[in-house]
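For reference, the structure is listed below as structure tokens.
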Amino acid sequence: MRKISLYAAAAALGCIATGCVDECDVMQAGKTDMIVIDAMVTDHAEIQTVYIRKSSDTYFLNGHYGEEPDPIKDVTVNIKDDAGWEGWFEDEEGNGRKFCLSGHKFEPGRTYTITVNVGDRTFTSTERMVPSPKINGLKFFKHDTKDDHLWSPILYFEDNQPDEINYYLFSDGLSRNWRIMHYLYAMRLSDEGLRENLDGVQISLGMGASPSETSGVSFGSRFYYELWTISKRNYDFYGAVEAHLTSDGGVYSPTPTTPVTNFSGRNVQGQFIAASCIVFKGTMTPDYVTFR
């Protein structure tokens, strides 16, 4: 197996997709109301969650919360794998906006197809859950030589699929809910662009459309990180989001006119992610320190 070594820029996330997917109609005020789907399953989570909203919802606009939108009626969410298993998500809040499924172990290597029905409209997406890499350890190095109290994470892991390019998302307490997406930390990783003679991945996280002031952890504080192994389409999705949020117009401008998604169907936006996941959590102690 080959050691993975790379550095990556911090990625800011939002709700735009890109690459190898179906295009939607351009939204026109008063004529088209897109369905936005945030669907994800992992081999780690005990409860899998799908969020659904309409593009006309304005309960979080320009940094301010408003009134809760009306329920979305006649919604069902179904998922199946390539081995013949099938399950149904339950409408947790009874308003057609948050669906949950528990009691099933999702497995890396399997291909999952999710189907969302809204009235007489049907949206589907298929993703393969790529296995996670072999983890050698998580350590912390000094974030700033002038500050003896902050240490930044560095991850050591190996490529268990050396014959294909793999894609990852490394996050600090990742939150997927579209309502609070602005406060999400994440960094994209890829086997592409590897540099030789490096021994690990230095984690540098971002927040919203601006880089985090520090990703340092002090002694005695708790840390929580997730490493997701994702598909190329999911990787490109977050890349498009990063490009949009770091553009001159920022989060709200320019407004996307031809949004894309990995869901089939018309007037739909969003992303289905099937990710294997590794969680790192604990309390920072001198045992985690590395001098590199």
Side-chain angles (χ1 to χ4, degrees), residues 13 15 17 20-22 24 34-54 57 69 71-132 161 166-169 171 173-181 184 226-235 237-238 260-279:
L13 309 184
C15 55
C20 304
V21 288
D22 297 329
C24 307
M34 289 189 181
I35 296 296
V36 182
I37 305 171
D38 172 18
M40 181 174 180
V41 295
T42 81
D43 61 340
H44 175 75
E46 296 181 0
I47 299 177
Q48 317 291 335
T49 309
V50 173
Y51 296 97
I52 300 174
R53 69 176 179 88
K54 292 184 177 180
D57 294 343
I72 303 176
K73 299 179 180 180
D74 301 323
V75 182
T76 61
V77 182
N78 164 268
I79 192 168
K80 59 181 66 176
D81 67 19
D82 54 356
W85 171 83
E86 183 175 11
W88 293 84
F89 287 74
E90 296 184 0
D91 188 346
E92 184 177 81
E93 300 174 347
N95 59 9
R97 293 177 174 276
K98 181 180 180 181
F99 290 78
C100 297
L101 183 150
S102 61
H104 179 72
K105 177 64 176 178
F106 286 77
E107 301 179 33
R110 294 202 184 282
T111 298
Y112 294 92
T113 298
I114 190 167
T115 301
V116 177
N117 293 293
V118 181
D120 60 355
R121 302 161 68 182
T122 298
F123 314 108
T124 62
S125 182
T126 299
E127 288 287 339
R128 175 176 175 265
M129 184 178 289
V130 184
S132 297
Q161 299 182 88
N166 292 310
Y167 304 89
Y168 313 96
L169 196 69
S171 72
L174 186 63
S175 174
R176 296 169 33 249
N177 190 333
W178 294 104
R179 294 181 58 181
I180 55 177
M181 186 63 78
L184 178 151
E226 293 179 353
L227 175 66
W228 297 358
T229 305
I230 58 179
S231 71
K232 177 65 162 58
R233 292 200 302 183
N234 298 153
Y235 179 86
F237 166 83
Y238 288 115
V260 291
T261 174
N262 66 354
F263 278 94
S264 64
R266 299 180 66 82
N267 300 327
V268 62
Q269 195 174 359
Q271 192 81 177
F272 170 49
I273 300 172
S276 57
C277 178
I278 299 176
V279 172

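Since the structure is predicted, the reported quantities are computational estimates derived from the model, not experimental observations.
Here the shortest heavy-atom pairing between Ile114 and Ala39 reads CD1-CB, 3.8 Å. Listed here is the closest heavy atom pair of Gln271 and Phe237: NE2-CD1, 3.4 Å. In this structure, Ile52 and Gly96 approach most closely via the heavy-atom pair CB-O, 3.9 Å. Nearest heavy atom pair, residue Phe272 against residue Met40, reads CD1-N, 4.4 Å. Closest heavy-atom contact between Tyr112 and Glu107: OH-N, 2.7 Å. Looking at every heavy atom in both residues, Ser132 comes nearest to Ile278 through CB-CD1, 3.6 Å.
Looking at Arg121, its side chain does come within 3.5 Å of a backbone N or O of Asn267 through a donor-acceptor pair. Gln269 places no side-chain N or O within 3.5 Å of a backbone atom of Thr261 that could act as its donor or acceptor partner.
With sequence neighbours left out, the side-chain hydrogen bond (donor to acceptor under 3.5 Å, both in side chains) criterion links Thr122 to Asn117. Residues meeting the side chain to side chain contact (heavy atoms under 4.5 Å, CB included) test with Thr111, sequence neighbours left out: Asp82, Thr126, Arg128. Applying the side-chain hydrogen bond (donor to acceptor under 3.5 Å, both in side chains) rule to Glu127 yields the partners Ser231, Arg233, Asn262; only residues at least two apart in sequence or on another chain are considered. A search for side chain to side chain contact (heavy atoms under 4.5 Å, CB included) contacts involving Asp91 returns Asn95, Phe99, not counting sequence neighbours. Under the side chain to side chain contact (heavy atoms under 4.5 Å, CB included) criterion, Pro108 pairs with Asp43, Met129, Pro131, Ser276, not counting sequence neighbours. In this view, Glu90 satisfies the side chain to side chain contact (heavy atoms under 4.5 Å, CB included) rule with no residue, not counting sequence neighbours.
Tyr238 contributes atom OH, which lies 16.0 Å from atom OH of Tyr167 (distance to the nearest 0.5 angstrom). In this structure, the separation between OG1 on Thr124 and CZ on Phe263 is 8.0 Å, given to the nearest 0.5 Å. For the atom pair CD (Glu86) and CG (Asp81), the distance works out to 9.5 Å, reported to the nearest 0.5 Å. Separating the CG atom in Leu169 from the CG atom in Asn234 is a distance of 9.0 Å, to the nearest 0.5 Å.
Applying the side chain to side chain contact (heavy atoms under 4.5 Å, CB included) test between Trp88 and each of Thr76, Leu101, Val77, Ile79 identifies Thr76 as the sole match.
For Glu93, the CD atom sits in a packed shell: over 12 heavy atoms of surrounding residues, nucleotides or ligands are nearer than 6.0 Å.
Relative orientation of the Trp85 and His104 rings is parallel, given thresholds of 30° and 60° on the angle between their planes.
Put simply, the side chain of Phe89 reaches to within 4.5 Å of the side chain of Val41, judged on heavy atoms.
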